Amino acid sequence: MTDIKELLLSRIRDVPDYPEPGVMFKDITPLLADPAAFTALTDALAELCVRHGATKVVGLEARGFILGAPVAVRAGLGFIPVRKAGKLPGATLSQSYDLEYGSAEIEVHAEDLSADDRVMVIDDVLATGGTAEAALHLIRRAGAGVAGVAVLMELGFLPGRARVEPALQGAPLDALLLV
């Protein structure tokens, strides 16, 4: 696992003062552009889906789509997008959540999930944990179970893990990298 961690870290670019002064943005686009690194990442996340008995993958808008779709294909699972409110046609379930300043809302097509499903939530970064926590509530409201949450990287200096853990209800939270 050390080799994959080194590979992934070597392809994540730090962008200082983006999107505002004092923030060190972790840019994953160099990792996505490198076929070996992107494949290693996809394989590692797909292995977690299989290990935790997932039957579906939920990708969180927007970078969770980029990672979640190939992970689902690699693991032989269905992919369900969780979108910002108003982006999905037809009947949806929605979940509001608080941000540092304000609130947001995400939605899913409820008919894409069933009581037989165990859902793995995939995203690029676990930061404050609000979106992941809301997604877990949404999955359970749709009648499905939670297999876990898996992310490329966890920002250890932010309280995301502490916020998400109660909503996991014992399901695992895996971060390939802790930064």
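Computation of the quantities below employed the complete heavy-atom set of this structure, encompassing side-chain atoms and omitting hydrogens, waters and symmetry-equivalent molecules. Keep in mind that what you see is a predicted model, and the values were worked out from it rather than measured.
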Which atoms form the tightest heavy-atom contact between [X] and [Y], and what is the distance?
X	Y	answer
Ala44	Ile4	CB-CD1, 3.7 Å
Gly64	Phe79	O-CE1, 4.3 Å
Leu77	Ala54	CD2-O, 3.4 Å
Leu7	Ala40	CD2-CB, 4.0 Å
Ala36	Asp34	N-OD1, 2.9 Å
Val57	Gly68	CG1-O, 3.7 Å

Treating Lys56 as the side-chain partner and Ser114 as the backbone partner, does any N or O pair qualify as donor plus acceptor under 3.5 Å?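 Side chain of Lys56 to backbone of Ser114: no pair is present.
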Expected output: side-chain His109 to main-chain Pro89 donor-acceptor under 3.5 Å: yes
Heavy-atom check, side chain of [X] versus side chain of [Y], under 4.5 Å:
X	Y	answer
Glu105	Gln95	no
Leu67	Leu41	yes
Tyr18	Val23	no
Leu60	Ile122	no
Val119	Ile80	no
Val125	Val151	no
Ile28	Met153	yes
Pro70	Phe38	yes

Can you find a side-chain donor-acceptor pair between [X] and [Y] that sits under 3.5 Å?
X	Y	result
Ser94	Glu107	no
Tyr97	Thr131	yes
Asp117	Thr55	yes

Atom [atom1] of [X] and atom [atom2] of [Y]: how far apart are they, to the nearest 0.5 Å?
X	Y	atom1	atom2	result
Phe25	Glu20	CZ	CD	12.5 Å
Thr92	Ile106	OG1	CD1	11.0 Å
Arg63	Thr29	CZ	OG1	10.0 Å
Asp112	Leu93	CG	CG	10.5 Å

Compile the donor-acceptor pairs under 3.5 Å between side chains in residues 171-179 and protein atoms, sequence neighbours left out, one pair per line.
residue: Asp174; atom: OD2; partner: His52; partner atom: NE2; Å: 2.8

Quick check on the hydrophobic clustering: are [X] and [Y] connected, directly or via other members, by side-chain heavy-atom contacts under 4.5 Å?
X	Y	result
Met120	Leu113	no
Val71	Val58	no
Leu136	Leu99	yes
Leu138	Leu168	yes
Phe65	Leu88	no

Go through the steps to decide whether Asp14 and Lys26 satisfy the test salt bridge (Lys or Arg N to Asp or Glu O under 4.0 Å), and finish with yes or no. CA-CA 5 Å; Asp14 286 344; Lys26 300 292 186 180; 2.7 Å; yes
Leu152 and side-chain contact (heavy atoms from CB on, under 4.5 Å): which partner among Leu126, Leu45, Leu8?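 That would be Leu8; it is the only one of Leu126, Leu45, Leu8 passing the side-chain contact (heavy atoms from CB on, under 4.5 Å) with Leu152.
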Stepwise side-chain contact (heavy atoms from CB on, under 4.5 Å) check, Val121 with Ile139: CA-CA 9 Å; Val121 176; Ile139 290 162; 3.4 Å; yes
Go through the steps for Arg13 and Leu31 under the test side-chain contact (heavy atoms from CB on, under 4.5 Å), then give the verdict. CA-CA 9 Å; Arg13 180 176 56 161; Leu31 187 156; over 6 Å; no
More than 12 heavy atoms from other groups under 6.0 Å of CZ on Arg140: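 For Arg140, atom CZ is crowded (more than 12 foreign heavy atoms under 6.0 Å).
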Please determine whether a side-chain nitrogen of the Lys or Arg among Asp43 and Arg74 lies less than 4.0 Å from a carboxylate oxygen of the Asp or Glu. yes
